[in-house]
Amino acid sequence: MYPDRVVSGMRPTGAMHLGHYHGALKNWVRLQSEHPCLFFVADWHALTTHYDDPSIIESSTWDMVIDWLAAGIDPSQATIFIQSKVPEHAELHLLLSMSTPLGWLERVPTYKDQQEKLADRDLATYGFLGYPLLQAADVLIYRASMVPVGEDQVPHVEMMREIARRFNHLYGREKNFEEKAREAVKKLGSKRAKLYNELRTEYQEQGKDDALEQAKALLDDAQNLSMSDRERLFGYLEGSRKLILVEPQALLTEASRLPGLDGQKMSKSYGNTIALRDDTETVTKKVRTMPTDPARVRRTDAGDPEKCPVWQFHTVYSDTATKHWVVKGCKSASIGCLECKQPIVDAILKEQEPMRERAQQYLDDPSLVRAIVADGCDQARKHAQETMRDVREEMGLSYN
Ligand code: TRP
Ligand code: SF4
């Protein structure tokens, strides 16, 4: 019914590291050439946990956006924006909050987890409980069909689907729905109308999913329908409600196989990261001082790659031949650890080269970044306003 939009956000964590790149950004870069994508800085989300220290949000945002651009997010393909610059997200959040059962929010696994993890903060707040609902508004407001997220966020996407379904159930109800839907079918023109009815019957009576898909494609192509007729006809395929909000799917991004320098998860708080824009010397030094299999005390001691964080880097960066060379050389002590690390240094530097180059132009002229984001905010706002017009109308708030 709507373009197969992809929406995802990240909290403004400042400069990105290679864990972010291999865990999420690389995937975004691929998606932007396949679908219309909206990527945003979730600055309000940062406030749900760090409301007492908002001072770094702004600089973290710019650093992060520069790294998105450096990683290859292309503003001519994807829309890049800042959540709080599209206040419609907050309006939808508020409206959705009216009908969201508290239990749905309390049951989200990250709610208790995060409260325990961030025990030094008082997270017994209204905003923190509402976090997943704000996230639902972030996605539903673009009627997105796909949300690339890590595994921990999948329950949030599940909840978004329930929120959308409940919304459509509550507000997609319409007096004389059947009649209006049948009128709308006629507007498709006789040939299309006939096909629509056949496909609808096939789906409803025989449960044929491909009939449903075909009917949706038919509606996608029907240019002359008004927005409400379109919503009716989509809803009519499956039941007796208009589909105002779309249920999105989680696109599970495989967890990054790239651990930190010490083999733990790569994270700024562990001090084990390689930043996207670390310079050559820093990268070289960081890799050369990485811990290795503790059994290799002397150069002549054999080691086991399975017990070495450097090996994890080889699985991400090296080809088969190099990996064979590592395994053989390590187990027979025929190569030294520094030797073993060199291909990693080379591969990371090669990966970073275009990123550093792209970043440089934005560092030299920050107004470029401001302009890209301003433009992205305008585009996002346009889409968000369209949805809100429908939402207000269905909720009896249009005051025409
Ligand atoms: N909650 C996400 C995180 O912490 C960030 C986020 C906010 C998000 N809104 C979103 C992700 C909407 C996907 C879609 O990583
Ligand atoms: Fe690790 Fe390579 Fe040294 Fe083996 S040779 S311990 S894999 S760094």
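Residues: numbered from 1 along the sequence shown. One-based numbering, in listed order, for ligands and for the atoms of each.
Asp67 and His20 share no donor-acceptor pair across their side chains, judged by distance under 3.5 Å alone. Side chains of Thr282 and Asp279: a donor-acceptor N/O pair is present below 3.5 angstrom, by distance only. If you check the side chains of Asp74 and Gln32, you find no donor sitting under 3.5 Å from an acceptor. There is a side-chain donor-acceptor pair under 3.5 Å between Gln342 and Asp346. Remark: the Tyr131 side chain and the Gln114 side chain contain no N/O donor-acceptor pair separated by less than 3.5 Å.
Close approach of ligand 2 to Val310 (heavy-atom distance below 4.0 Å) involves ligand atoms 8 (S). The contact set between ligand 1 and Val139, taken as ligand atoms under 4.0 Å from a residue heavy atom, comprises 12 (C), 14 (C). Below 4.0 Å from some heavy atom of Arg11 lie the following atoms of ligand 1, by number and element: 4 (O). Atoms of ligand 2 found under 4.0 Å from any heavy atom of Cys330, numbered from 1 in the order shown, are 4 (Fe), 5 (S), 6 (S), 7 (S). Atoms of ligand 2 found under 4.0 Å from any heavy atom of Cys308 (numbered from 1 in listed order, with element): 1 (Fe), 6 (S), 7 (S), 8 (S). Taking every non-hydrogen atom of Thr292 and a distance limit under 4.0 Å, the qualifying atoms of ligand 2 come out as 6 (S), 8 (S).
In this structure, Arg296 is part of the shell of residues with a heavy atom less than 4.0 angstrom from ligand 2. Assignment of Cys340 to the shell around ligand 2 is supported, since a heavy atom sits closer than 4.0 Å.
Aromatic ring centres of His45 and Phe40: separated by at least 6.0 Å.
In this structure, the protein non-hydrogen atom closest to atom 9 (N) of ligand 1 is Asp138 OD2, 2.8 Å. Of the protein's non-hydrogen atoms, Gly9 O, 3.8 Å is the one closest to atom 6 (C) of ligand 1. Given atom 8 (C) of ligand 1, the protein heavy atom at minimum distance is Gln135 NE2, 3.5 Å. Taking atom 1 (N) of ligand 1 as the reference point, the nearest protein heavy-atom neighbour is Tyr131 OH, 2.7 Å.
Exactly one of Arg173, Lys242, Arg389 qualifies for a side chain to side chain donor-acceptor pair (under 3.5 Å) with Glu394. That residue is Lys242.
The proximity of Gln153 to ligand 1, defined as any non-hydrogen pair under 4.0 Å, is limited to the side chain. Residue-level proximity to ligand 2 for Asp293 is carried by backbone and side chain together, each with a heavy atom below 4.0 angstrom. Counting heavy atoms under 4.0 Å from ligand 1, residue Val147 touches it through the side chain alone.
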Using the rule given for side chain to side chain donor-acceptor pair (under 3.5 Å), can you reason through Asn168 versus Arg165, listing the C-alpha separation, both sets of side-chain angles and the distance that settles it, and then say yes or no? CA-CA 5 Å; Asn168 292 332; Arg165 217 173 300 145; over 6 Å; no
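Residue Cys337 counts as close to atom 3 (Fe) of ligand 2, with an N, O or S atom under 2.8 Å.
The aromatic rings of Trp28 and Phe39 lie parallel to each other, their planes meeting at an angle below 30°, with 60° marking the opposite boundary.
Salt-bridge annotation for Arg392 and Glu91: present, with a side-chain N of the basic residue lying under 4.0 Å from a carboxylate O of the acidic one.
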